[in-house]
Number of protein chains: 2
Amino acid sequence: MLPLMTAIPATTHRGGPGGPPTSETLATAAYRRLRADIVEGRLAPGLKLKVHELARRYGAGPAPLREALAQLTAEGLAVRMEQRGFRVRALDPRALGELVRTRCLVEGLALRESILRGDAAWENAIAGSAHRLASLPVSLAPDRFIANPAWEAAHRAFHRALIDACEAAPLIDFCERLREEADRYRTLSSVASYPQRDVPAEHAAIARAALDRDAERAPALLAEHLARTGDVVRLGLKEGPEPAFRRGAAEPR
Amino acid sequence: MLPLMTAIPATTHRGGPGGPPTSETLATAAYRRLRADIVEGRLAPGLKLKVHELARRYGAGPAPLREALAQLTAEGLAVRMEQRGFRVRALDPRALGELVRTRCLVEGLALRESILRGDAAWENAIAGSAHRLASLPVSLAPDRFIANPAWEAAHRAFHRALIDACEAAPLIDFCERLREEADRYRTLSSVASYPQRDVPAEHAAIARAALDRDAERAPALLAEHLARTGDVVRLGLKEGPEPAFRRGAAEPR
DNA sequence: TCAAGCATTTTTGTCGACATTCTTGTGTCA
DNA sequence: TGACACAAGAATGTCGACAAAAATGCTTGA
């Protein structure tokens, strides 16, 4: 695989940026690809995950694949059924409510703390990410909706910047995880058109309130923003794509 | 799932309580035992986890063990170093601060929500678990401290009961995870004597405020309670047991 | 027609062996 | 001495094969 010239023998203990990340293991590679395929919806919720099939697909043996699956199970992206293999975790529309509710509470809390503790750098980061977000088109096409990856990334960065000064690392991680889970619902839902909503205006208002250090208004606006998105997704689910929703054994194949 | 007349064909293997959970797999068994050994401190933080050795210890091959390790990695109880195996995740005393802070914020939030939403059953559960907790001795020995498993369980149940009505399942799960992480620090710390603190009184006060539906006072008391415990642990760490703390390669073997 | 019983096929979970990589110990040269 | 290269040793990560279990299909009997 690699040239024998083990360029940097024992140094670069931790392959940080710059040094070689100590060659990725097959299990990790499979994990990353599998994870992306689930999060981005290419593997539908509820789908059976046959080890052999995945092994072929990702070019590895069963062992690394099972490793990856175990990891995803712990993350809640897959479920294991003893002696019956793995599946992509099904999405329960009833759970969506509590998920959104949790996001509103927790992300609001983190924003409030950030407002109380944030410094100038935090303000700058918010202003910067808000500006960048506003400068990008939500959709790649002007008439119909085609997700713009750059906008998505900027969106993530903006929300992250808001809560970045809360000085509670586990809390930030939790928010990210909740967002990812919510994204799975959004991807699945037919949230094509973004109806009667001025999302950029919502973002702008949140940013303004945060920069004004309004510890009451900013979290409230953020919660409202998240709840509204949740409503749109919920609607898109109701009348949306049928396939692969029931968690039972009613799967293709 | 349906009574296919498979009454109890091949179960008995590992007859769990109640219904047959379809015989536990070796990987899952190893996972559970390994996890317990880490959480309860029998495997010190930072310790190298050699697959072959663990395989012997838990009576299984390398494959199930790697599966278990991958799962624990995702949970944050172990860390994987590509091409260099696994270790028990080291505890960073500096991270303890943010951990405690997060607990105060999040558990306080969950309690506030529970107070706003809880019904009579919630109140009963609090009163009941508080009573049981008060009826048990903290220590098995009257003079020196020997952890009482029954008290520990009741303690968990009490804290859980407080936030159980917040109607945000992910939030509750998060609280449990944070508690577990905090417990790892506590176990490691030499928190032998419980000095100048009336822990039962703190619990009683929290329970009273919660039952009074005081959405200001109860979360504040709870946060104070958690923070105080955090302080005790922090002290116990400073002058506590040296072994296995540095995250570097300075491990026994 | 339908349900139950049996045989077949698919899939899961596990093992033992092996190549690769990291680690450790020793010797060599400045 | 000290740095370096190198070789022996150990540990990791991966494969292919295999037994056990589950799912599937088929046959039979009311």
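Below, chains carry the letters A, B, ... as their sequence lines are ordered, and counting in each starts from 1. Scope of the values below: all heavy atoms of this structure, side chains included, with no hydrogens, waters or symmetry mates.
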Please state whether the phosphate of D:dT12, meaning OP1 or OP2, lies under 4.0 angstrom from any side-chain nitrogen or oxygen of B:K48.
-> yes

In terms of side-chain heavy atoms, does B:Q83 have a donor or acceptor partner in A:T25 at a distance below 3.5 Å?
-> no

Measure the distance from CD on B:Q83 to C1' on D:dT14 and round it to the nearest whole Å.
-> 11 Å

Sorted by number, residues from residues 51-71 of chain B placing a heavy atom under 4.0 Å from DNA chain D are B:V51, B:R66

Partners meeting side-chain contact (heavy atoms from CB on, under 4.5 Å) with A:R42 (sequence neighbours left out) | A:A36, A:D37, A:E40

N/O contacts under 3.5 Å, protein versus nucleotides 6-8 of chain C?
none

Kindly give the heavy-atom pair with the smallest separation between B:R87 and B:G46, and that separation in Å.
-> NH1-O, 2.8 Å

Would you find more than 12 non-hydrogen atoms of other residues, nucleotides or ligands less than 6.0 Å from B:R56 atom CZ?
-> no

Qualifying residues under side-chain contact (heavy atoms from CB on, under 4.5 Å), relative to B:A165, sequence neighbours excluded = B:S114, B:W122

When the ring planes of A:H155 and A:H159 are compared, do they come out parallel, tilted or perpendicular, using 30° and 60° as the limits?
-> perpendicular

Specify the separation, in whole Å, of atom CZ of B:F86 and atom C1' of D:dT12.
-> 9 Å

When you look at B:E152 and B:R186, which way does the salt bridge (Lys or Arg N to Asp or Glu O under 4.0 Å) test go after all the steps?
-> CA-CA 12 Å; B:E152 307 274 352; B:R186 187 168 57 84; 3.3 Å; yes

Taking only N and O in the side chain of A:T25, is any of them less than 4.0 Å away from OP1 or OP2 of D:dT14?
-> yes

Specify the residues of residues 26-34 of chain A, ordered by number, for which at least one heavy atom lies under 4.0 angstrom from an atom of DNA chain D.
-> A:L26, A:A27

Give the rounded distance in Å between these two atoms: CG of A:L49 and P of C:dT11.
-> 13 Å

Check ring-ring contact (aromatic ring centres under 6.0 Å, His included) between B:F174 and all other residues, then give those that pass, not counting sequence neighbours.
-> A:F174

Out of D:dA11, C:dT23, D:dA23, whichever nucleotide has its closest atom nearest the side chain of B:K50 | D:dA11

Mark yes or no for whether B:R80, through its side chain, and A:T28, through its backbone, hold a donor-acceptor pair below 3.5 Å.
-> no

Tightest non-hydrogen contact, residues B:E167 and A:R101, listed as O-NE, 3.1 Å

CZ of A:R179: more than 12 outside heavy atoms within 6.0 angstrom?
-> yes

